[in-house]
There are 2 protein chains.
Amino acid sequence: MNDTGASRSSDQNDLGNKERLRLWIRLLRASRTIENELRLRLKSRFDMTLPRFDVMAALNREPEGLLMSDLSRFLLVSNGNVTVIVDRLVTDGLVVRSSREGDRRTSIVRLTDAGLTLFRQIATEHEKWVGEMLGGIGDEEARHLATILKSFRSNWET
Amino acid sequence: MNDTGASRSSDQNDLGNKERLRLWIRLLRASRTIENELRLRLKSRFDMTLPRFDVMAALNREPEGLLMSDLSRFLLVSNGNVTVIVDRLVTDGLVVRSSREGDRRTSIVRLTDAGLTLFRQIATEHEKWVGEMLGGIGDEEARHLATILKSFRSNWET
DNA sequence: CAGAATTATTTCAAGTATGAAGTTTTAAGG
DNA sequence: CCTTAAAACTTCATACTTGAAATAATTCTG
């Protein structure tokens, strides 16, 4: 096989790891920068927090509603966390919990009309903000990057 | 003076915004996935949390030490947050605060010997983990991606 | 130099966030 | 049936995080 020593065997070598570590740090800094800015704008313009907006955005994609555990899985946050955030949104009248026929354990969460209306207002601005912040990345490049990030997931979790 | 209507004026159009919004969501999910996995491994293997490790990593790059405000700026977290995390690391004997000659407001934070030793142990594993998780991304692609993410920063902040 | 502005940090209340333990409900295996 | 297991949530202790207000030291300005 290959015994020239010019390249390593199948798995990642140290040089590659260093490169990937740098990439991870940049990725983390990029998302923190964007998150911080979005949090600031959501707060000042809509008195809304990022976690609550995230839940509303997830619910907006599913008019039928989502289980608490679906929200947890989709948003990649813990079950206990979802409970607290949804409680807050219920208090604010933006979402409702309803039990499902035949299973009294589950509770389906849906946007209320008020929630949907508010979400649409915010989402319009939100999309513009993100477009603005990522404006330095070209169209094709954005598509390319999104493709890479989509396919990388969970390669390490057997 | 483009009046053909075939293309938009200088700034981003709606289609581009949609593309960038998708990119942002992928970016966020990617970093959350990696963060969650790293948190799990740091906890189980070293009984260490991610924020504490982040502070130690920042301090490791600066043997002279860093001001609290430097840490805040570099890690993109609030000042109050840095205070709590550093307090914890001081309690654990991993870092020390020392005041700077001539300015009694500031406190310089440094890794202790124990902190440095522990950091090096963890960092070795940490780098391998990241290399593993990002293993699906090729070497040149990682470099390319890192370049994009580096240069995009703060385009919107005047 | 005195007062005002700035800088560096801490404190605090409120809001996330996790993971473990507990509750209620449903499903599964004898 | 009747235990035992599994599933869906909630509750709780602990930890992180922000942003605003407080504290303290330094610098600026008239």
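Summarising the geometry, the separation between CG on B:Asp47 and P on C:dG19 is reported as 13 Å, rounded to the nearest angstrom. If you take CG of A:Leu42 and C1' of D:dG19, they are 15 Å apart, rounded to a whole angstrom. Note: CG (B:Asp103) to C1' (C:dT6) measures 12 Å, nearest angstrom. Atom CD of B:Glu37 is separated from atom P of C:dT18 by 14 Å (rounded to the nearest Å). Rounding to whole angstrom units, CG of residue B:Leu71 and P of D:dT17 are separated by 13 Å. As a whole-Å value, the separation of B:Met48 CE from C:dT18 C1' is 17 Å. The CG-P distance, from B:Leu75 to D:dC16, rounds to 13 Å in whole Å. Look at NZ on B:Lys43: it is 12 Å from P on D:dT14, rounded to the nearest Å.
Contact annotation for A:Ile108: no contact, since no heavy-atom pair falls under 4.0 Å across all strands.
Of the two residues contacting DNA chain D, namely A:Leu66 and A:Leu40, the nearest-nucleotide position lying further toward the 5' end is that of A:Leu66.
Phosphate proximity of C:dT9 to B:Ser69: present, with a side-chain N or O under 4.0 Å from OP1 or OP2. Of the side-chain N and O atoms in A:Arg104, one or more sit less than 4.0 angstrom from OP1 or OP2 of C:dT26.
Evaluation of atom-type donor-acceptor distances gives no pair under 3.5 Å for the side chain of B:Arg105 against the base of D:dA24.
Within the structure, salt bridge (charged side-chain N to carboxylate O under 4.0 Å, His left out) contacts touching residues 57-71 of chain A (residues at least two apart or in different chains) are A:Asp70-A:Arg73.
Salt bridge annotation for B:Arg120-B:Asp113: absent, with no cationic side-chain nitrogen under 4.0 angstrom from a carboxylate oxygen. Looking at A:Glu37 and A:Arg41, a side-chain N of the basic residue comes within less than 4.0 Å of a carboxylate O on the acidic one, giving a salt bridge. Using a 4.0 Å cut-off between a side-chain N of Lys or Arg and a carboxylate O of Asp or Glu, B:Glu35 and B:Arg39 do not qualify as a salt bridge.
Every salt bridge (Lys or Arg N to Asp or Glu O under 4.0 Å) that A:Asp47 has, sequence neighbours left out, goes to A:Lys43.
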Contact letters for nucleotides 10-17 of chain C, in which S counts primed atoms plus P, OP1 and OP2 and B counts the base, heavy atoms under 4.0 Å: BB---SSS

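If you run side-chain contact (heavy atoms from CB on, under 4.5 Å) between A:Leu59 and each of A:Thr112, A:Leu94, A:Leu71, A:Leu89, only A:Leu71 comes through.
With rounding to the nearest 0.5 angstrom, the CG atom of B:Leu145 is 13.5 Å from the CZ atom of A:Arg22.
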